[in-house]
2 protein chains.
Amino acid sequence: MDRLLQGVTIKINDKLFVKNPESSELGKRIIEISIQMINEMGFENFTFKKLGLKIGSNESSIYRYFENKHKLLLYLTSWYWGWMEYQMVFATNSIKSSKEKLLKAILIMTREVKEDSAFSHINEVLLNKIVINEYSKSYLTKEVDAENKEGFYIIYKRLIGRLGEMITEVDSDYQYPTSLASTILENGLHQHFLKEHFPSLTDCNDKVTPTQYLTHLVFNTLNKEIDE
Amino acid sequence: MDRLLQGVTIKINDKLFVKNPESSELGKRIIEISIQMINEMGFENFTFKKLGLKIGSNESSIYRYFENKHKLLLYLTSWYWGWMEYQMVFATNSIKSSKEKLLKAILIMTREVKEDSAFSHINEVLLNKIVINEYSKSYLTKEVDAENKEGFYIIYKRLIGRLGEMITEVDSDYQYPTSLASTILENGLHQHFLKEHFPSLTDCNDKVTPTQYLTHLVFNTLNKEIDE
DNA sequence: CAAATATAATAGTATTACTATCATACTATA
DNA sequence: TATAGTATGATAGTAATACTATTATATTTG
């Protein structure tokens, strides 16, 4: 993503924080170190107390930025999807062929993030891992409908919308563009998880990427009719 | 599923419990009521204390059956996948055509469970909902590799193995049978979730089922080559 | 009937997920 | 430069969670 990102800021729903973490050094440190810690110990074991200890700050100070760790997770994952959206729009913008466009979008959405942009306090490599391991937990809750109404998932929804449109552009007769878009995003993460923890449940490995699998799936499905 | 299930017991890894809940009335009540409660309040809000209160038993008594609620969830979901496996094997056993076989298997794995078999203390309708809403949480943990080694996911893995084999029988040239099998199971659950909570992220609704979407996806993918 | 086993009752601990209060330091402006 | 406002830190406290331990009582079985 090179230098362009320097000037780009990702707009996050401001109901997700009490005080904008971008507005102070402490705020940025909260983001930076929480990404590291959630990665290391997992979301369940991560607490604001531990975070405070590690950043040499006070638990109560962290609560001035985020109501609870669930909102922090929503903040982090929203940032991630916003970053994905930016990359997708930027990279597909100039492509004329709708097939090439979709191909590129799938690549961006399903590839493993391997380089940290290093322009901000946000480590995208680790954030990608957090999304793989923790994203489902942000919506598999009893509060999901209320939080959806509050707009906490809006970036993710917009992203799937865009991907769905690209699918339709490739095949306007295809009946399940939105479901397929959801499948790409969600199963993209899942195949990465399987590769790491359940290699016997996936064909993805060092040589075969989730991107290849999903690209093959999508392009074998579109512009085809079932014939017996 | 009718009367056949009466005689069938699903074998669960006995490391998942301290004392087999099938071995006593209290154990069965723990299973029965925990299914209800996890459904109502969600896994996060569910505790052994609340369960004890509801079944008029003691928190400490429940700990004599399950070490913690995570193991209980693994027990319940293992049971579910065992039940799925039973249905799948039973229903596909006599089918000669490999296409028909796969079709049937996909139907069984991705349909919404609407009827409780009523032969046991286990309500399959509610259990299906639990699996949709909570299953990911059982493996998205830092302990997943250790627990996988202990065999806690063995039924699920066997099920995906079987489904993968059926895919290969339909198309022996297809390169991603295992990934596709994983996608069917996991995305089957996910499409049900989306239908309920994020209707704008799926094409599934009252008329279109996740089964239809996934069946279409699978059969449009198999026995096809990408051609430009 | 005694012994073994299952369950219940009670208490206690460390940790979590906060909330509240007060002190202090730093910052912006009149 | 004094002062008011804002940010952070320190400390304390609460209710709930996720257990463990102990003892009592009830039930089953040999």
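In what follows, chains are A, B, ... by sequence order, proteins preceding strands, each numbered from 1.
Rounded to an integer number of Å, the gap from CZ of A:F66 to C1' of C:dT16 is 19 Å. Regarding B:R29, its CZ atom lies at a distance of 13 Å from the P atom of C:dT7, rounded to whole Å.
Side-chain contact check for A:V131 versus A:T77: some heavy-atom pair is nearer than 4.5 Å. Residues A:W83 and A:V113 meet the side-chain proximity criterion, which asks for heavy atoms closer than 4.5 Å.
Residues B:Y213 and B:T110 bring no donor and acceptor atom of their side chains to less than 3.5 Å of each other. With no hydrogens or angles considered, a side-chain donor-acceptor pair links B:K157 and B:N148 at under 3.5 Å. Side-chain contact check for B:S179 and A:Q191: at least one donor-acceptor pair (N or O, by modelled atom type) lies under 3.5 Å.
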Original post:
Reading nucleotides 6-18 of chain D 5' to 3', which nucleotides get B (base under 4.0 Å from a protein heavy atom), which S (sugar-phosphate only), which -?
Top reply: -SBBBB-----SS
